Each structure stands twice: as C-alpha cells, then as structure tokens.
Amino acid sequence: QVHLVESGGGSVQPGGSLRLSCAASGATLSRLCIAWFRQSPGKEREGVASIYGGRYTYVPDPVQDRFSISQDNTENRIYLQMNALKPDDTGMYYCAADRRVNCGALLRSSTNFATWGQGTQVTVSS
C-alpha cells in the first residue's frame with residue numbers, strides 16, 4: 001500500500017519560491033501516477049501538477065509558467081517547485097497516488113485519487 005508524506009510548506013512573501021516534497025513508500029514510483037493538489041478554505045481541491053513513471057509530466061495552464069514537478073527515484077520523492085508565488089497560491093498542498101497511466105487526465109478531479117498524504121500548508125503573504 002502506498003504511503004505519502006508531504007513536507008516543505010511554509011510562509012513566503014509574494015514573488016518568492018518554495019519546493020514541496022512528497023515522500024512515497026510502499027510502491028515503485030516508475031509505475032505510479034503522483035499528483036499535487038491544493039485546497040484553499042471554501043474552495044474545491046484543485047490539481048496543480050502530475051507525473052507518471054518519473055517521465056510524463058503535466059502542469060495545467062493556470063500555473064504552468066510558475067510550477068514544475070520532478071521525481072527523484074533514488075530517494076522516492078516527488079517535488080513541486082513553485083516560483084513567483086502569489087497570495088492566491090495560499091492553501092494546503094497534498095500529494096496523491098494512483099496506478100493508472102492516464103495521469104494528466106486524472107488530475108482533473110481529486111475524486112480520481114484514493115491515496116493521499118496529510119498535506120503541507122503554504123501561505124503567501126506580505
């Protein structure tokens with residue numbers, strides 16, 4: 001069973017950067033879809049990046065020019081690099097896992113994922 005633990009959140013000023021980490025155990029990353037979602041109070045959980053097998057990445061348009069996703073197979077970690085952060089990026093960030101290969105499509109809805117980490121808080125404020 002896949003177990004996910006997020007870290008790297010914190011408080012940052014607008015324009016700053018953060019790198020979130022998702023430590024995965026219990027499965028081979030080369031056969032997993034790992035996604036990052038975020039949720040702000042009163043809003044639905046929103047997908048911001050996904051990666052399958054460490055190679056196939058997808059970052060949707062709203063954050064494509066600022067966020068990127070990568071994977072370190074030696075450490076079984078998936079990273080979300082966030083640059084030029086805005087106050088609207090504030091929220092709880094979660095990583096999620098699924099074994100299906102259509103990883104980018106799965107990012108459309110949080111209901112596509114059954115395995116989640118506990119989340120890490122990101123606050124962007126001056």
Side-chain angles (χ1 to χ4, degrees):
Q1 186 171 351
V2 180
H3 184 59
L4 305 171
V5 179
E6 301 94 333
S7 61
S11 295
V12 63
Q13 292 187 341
S17 297
L18 279 176
R19 188 176 77 158
L20 306 184
S21 174
C22 174
S25 60
T28 303
L29 284 184
S30 62
R31 297 182 180 181
L32 276 184
C33 165
I34 301 292
W36 282 98
F37 284 80
R38 66 183 179 188
Q39 188 166 24
S40 303
K43 295 186 178 180
E44 292 186 358
R45 201 166 286 193
E46 171 192 24
V48 295
S50 66
I51 187 167
Y52 182 85
R55 296 175 59 190
Y56 304 101
T57 63
Y58 173 66
V59 181
D61 283 345
V63 294
Q64 193 175 64
D65 59 341
R66 302 185 295 118
F67 290 12
S68 62
I69 187 169
S70 62
Q71 183 168 307
D72 184 335
N73 289 330
T74 60
E75 295 193 357
N76 263 27
R77 288 183 179 270
I78 301 89
Y79 298 100
L80 180 67
Q81 178 67 43
M82 305 185 295
N83 299 323
L85 284 163
K86 307 174 181 179
D88 284 349
D89 295 318
T90 294
M92 187 69 79
Y93 283 69
Y94 302 89
C95 61
D98 192 273
R99 297 186 184 276
R100 289 172 286 180
V101 301
N102 53 330
C103 198
L106 296 177
L107 193 64
R108 294 173 187 164
S109 174
S110 62
T111 60
N112 290 322
F113 293 84
T115 301
W116 293 86
Q118 83 290 348
T120 186
Q121 177 68 35
V122 171
T123 302
V124 184
S125 173
S126 56

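Please read all numbers here as calculations on a predicted model, not as lab measurements.
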Can you tell if the side chain of Val122 reaches within under 4.5 Å of the side chain of Leu20, non-hydrogen atoms only? yes

Trp36 side chain near Ile78 side chain, heavy-atom distance below 4.5 Å: yes

Is there a path from Tyr58 to Tyr56 through hydrophobic residues (I, L, V, M, F, W, Y) whose side chains come within less than 4.5 Å of each other? no

Between CD1 of Ile51 and SG of Cys95, what distance do you get to the nearest 0.5 Å? 12.5 Å

Would the distance check show the side chain of Arg66 and the main-chain N or O of Ala84 forming a donor-acceptor pair, the cut-off being under 3.5 Å? yes

What's the separation between atom CD in Gln39 and atom OG1 in Thr90, rounded to the nearest 0.5 Å? 14.0 Å

Nearest-0.5 Å distance, CG of residue Leu80 to CZ of residue Arg19: 10.5 Å

Work out which heavy atom in Pro60 is nearest to a heavy atom in Ala49; give both atom names and the distance. CD-N, 4.2 Å

Would you say Leu32 and Arg99 make side-chain contact, with heavy atoms under 4.5 Å? yes

What's the spacing between Tyr52 OH and Thr57 OG1 if we round to 0.5 Å? 14.5 Å

Is any side-chain heavy atom of Arg77 closer than 4.5 Å to a side-chain heavy atom of Ser7? yes

If you group Ile, Leu, Val, Met, Phe, Trp and Tyr by side-chain heavy-atom gaps below 4.5 Å, do Leu18 and Leu4 land in one group? yes

Is the shortest side-chain N to carboxylate O distance from Asp98 to Arg100 below 4.0 Å? yes

Closest heavy-atom pair, Met92 versus Gly119, reported as atoms and distance to 0.1 Å, is SD-C, 3.7 Å

Taken to the nearest 0.5 Å, the spacing of Gln1 CD from Ser25 OG works out to 9.5 Å

Between Glu6 (side chain only) and Gln118 (backbone N and O only), is there a donor and an acceptor less than 3.5 Å apart? yes

By the salt bridge (Lys or Arg N to Asp or Glu O under 4.0 Å) test, which pairs, at least two apart or in different chains, include something from residues 43-53? Arg38-Glu46

Between Asn76 (side chain) and Ala24 (backbone), is there a donor-acceptor pair under 3.5 Å? yes

Those residues at least two apart in sequence (or on a different chain) that pass side-chain contact (heavy atoms from CB on, under 4.5 Å) with Pro14 are Pro87, Val124, Ser126

Identified side-chain contact (heavy atoms from CB on, under 4.5 Å) counterpart of Val48 within the set Val63, Val59, Asp89: Val63

Where is the tightest heavy-atom contact between Thr120 and Gly9, given as atom of each residue plus distance? OG1-N, 3.0 Å

Examine distances only and state if a side-chain atom of Ser11 and a backbone atom of Ser125 form a donor-acceptor pair shorter than 3.5 Å. no

Are any of the side-chain heavy atoms of Gln71 and Leu29 separated by less than 4.5 Å? yes

Under 3.5 Å, side-chain donor or acceptor atoms of residues 104-117 against the rest of the protein: list the pairs with distances, not counting sequence neighbours.
from: Ser109; atom 1: OG; to: Thr111; atom 2: N; distance (Å): 3.2
from: Ser109; atom 1: OG; to: Thr111; atom 2: OG1; distance (Å): 2.6
from: Asn112; atom 1: ND2; to: Leu106; atom 2: O; distance (Å): 3.0
from: Asn112; atom 1: ND2; to: Ser109; atom 2: O; distance (Å): 3.4
from: Trp116; atom 1: NE1; to: Phe113; atom 2: O; distance (Å): 3.0

